[in-house]
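Working notes for the structure below.
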Amino acid sequence: MPSPLTTAPPSWFAAALLNWYPRHRRDLPWRHTRDPYAIWLSEVILQQTRVKQGLPYYLDFVTTYPTVQDLAAAPQDEVLRHWQGLGYYSRARNMHHTAQQVVQEYGGQFPGSYHELLKLRGVGQYTAAAIASFAYDEQVAVLDGNVFRVLARVFGLTQDIAAPASRKAFQQLADTLIPADQPAEFNQAIMEFGAIQCTPAKPDCLFCPLQQQCFAFQHGMVQELPVKSKAKAARTRYFHYLVLRHADTVYLRKRGPKDIWEGLYDFALHETESAELQAVAVVEVVESLGGRVATDRVEEPTAALRHVLSHQKVEAKFHAVWLETPLPTATLAATGLAAYRAAEIEELPKSILITNYISNSGI
DNA sequence: TTCCTGCGCC
DNA sequence: GGCGCAGGAA
């Protein structure tokens with residue numbers, strides 16, 4: 001097993017990155033501000049999102065909510081609607097909560113240090129370090145996927161980066177490497193270096209300024225590092241959506257906690273252990289909701305639409321059903337279902353699965 | 001199709 | 001340690 005770094009922190013590492021960065025950096029809007037609110041917005045959006053996908057969302061959020069007060073005052077549905085399509089919707093709910101917390105408990109001013117930032121909901125070690133260094137020049141090293149990869153390769157760290165326990169070694173190393181005089185520039189540089197030069201699959205080792213010092217390159221281990229254990233296989237769930245329609249309305253409900261897509265809207269859901277659900281069963285399910293199915297108005301269900309999440313695969317069939325009469329109020333109270341017109345549905349926050357169904361079915 | 005990336009909460 | 005989302009690359 002190769003030996004990791006055991007000597008004093010090398011000066012060549014920061015020097016090489018700080019030389020590389022201004023020549024290769026992408027021009028991104030959040031790199032032109034030191035406003036902690038804007039930096040926080042960008043970091044929360046970029047937490048599990050690539051720059052290319054997150055950029056339009058960042059521009060939308062800073063335009064729609066120029067200040068933390070604007071974001072705090074917005075209804076949750078509206079914030080989720082703006083977040084729609086980014087995934088990991090708890091990020092949006094936490095972000096909204098934190099905006100309200102900053103307004104109410106911090107007088108509208110973001111906390112001014114790494115340790116204070118850590119107290120905010122949705123702000124973990126990475127985001128706190130990013131904001132503290134970018135906005136306040138605090139000397140605290142960021143540790144994200146890029147940094148793990150760069151450090152593992154350059155210094156030959158073989159710990160499993162998916163295991164929380166291995167975080168210590170990386171953090172310790174990063175903390176020794178970050179220079180006191182340019183912490184923000186260093187953090188930007190190492191992450192950008194990982195994103196552009198030291199990429200996961202095909203790093204540009206040929207033109208890499210760290211080629212001579214890089215442990216992985218010198219030992220032919222670039223493809224082996226970083227070490228990362230694989231996630232366990234996702235389970236499959238079978239969703240039968242009852243798209244209950246009456247007159248010009250469709251019934252939807254806001255999803256509750258402890259399951260995927262919390263806070264987003266979907267249709268009446270009948271989940272089964274298998275993909276099967278006979279047409280006659282649809283009528284029974286609707287009647288169990290107190291609905292009266294209009295004669296001959298049960299359409300063939302859609303083909304199964306597959307949707308993959310982090311730890312689940314969803315196979316969903318949509319059954320459009322026209323009702324003779326509106327659902328009884330007792331059912332609405334019990335299920336959370338409510339009738340919406342097409343224009344209202346457009347405004348509700350929805351998962352990509354539901355959004356795709358609606359656009360393909362022409363509601 | 002399959003694989004992979006990406007941070008924080010519980 | 002388990003789990004949450006979507007999209008792009010292989």
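What you are looking at is a predicted structure, and each value in this text was computed from that prediction instead of being measured. Excluded from the calculations below are hydrogen atoms, water molecules and symmetry mates; all remaining heavy atoms, backbone and side chain alike, are included. Here is the naming used below: chain letters follow the sequence lines, and residue numbers restart at 1 for every chain.
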**Asked** Looking at A:F193 versus A:W20, is the centre-to-centre ring distance below 6.0 Å?
**Response**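 Yes: the rings meet the under 6.0 Å criterion.
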Does [X] reach a base, just sugar-phosphate, or nothing at all? Heavy atoms under 4.0 Å.
| X | answer |
| --- | --- |
| A:K258 | nothing |
| A:V123 | sugar-phosphate |
| A:Y126 | sugar-phosphate |
| A:R121 | sugar-phosphate |
| A:R93 | nothing |
| A:L309 | base |
| A:S310 | base |
| A:Q47 | sugar-phosphate |
| A:K230 | sugar-phosphate |

**Item:** Short side-chain to backbone donor-acceptor contact, A:Q213 and A:W12, under 3.5 Å
**Value:**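 Not confirmed, A:Q213 side chain does not pair with A:W12 backbone.
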**Prompt:** Would you find a donor on one side and an acceptor on the other, under 3.5 Å apart, between the side chain of A:R255 and the backbone of A:I260?
**Reply:**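 Yes: the side chain of A:R255 pairs with the backbone of A:I260.
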**Request:** Please determine which of A:F239, A:Y241, A:F267 meets the ring pair (Phe, Tyr, Trp, His ring centres under 6.0 Å) test together with A:Y357.
**Result:**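 The single option meeting the ring pair (Phe, Tyr, Trp, His ring centres under 6.0 Å) with A:Y357 is A:F267.
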**Request:** Look at the side chain of A:Q48 against the base of C:dC5 and say whether a donor-acceptor pair falls under 3.5 Å; ignore hydrogens and angles.
**Result:**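 By the distance-only test, no, there is no pair.
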**Asked** If you pin A:A128 and A:P200 to their nearest nucleotides in DNA chain B, which one's is more 5'?
**Response**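 Its nearest nucleotide lies further toward 5', so the answer is A:P200.
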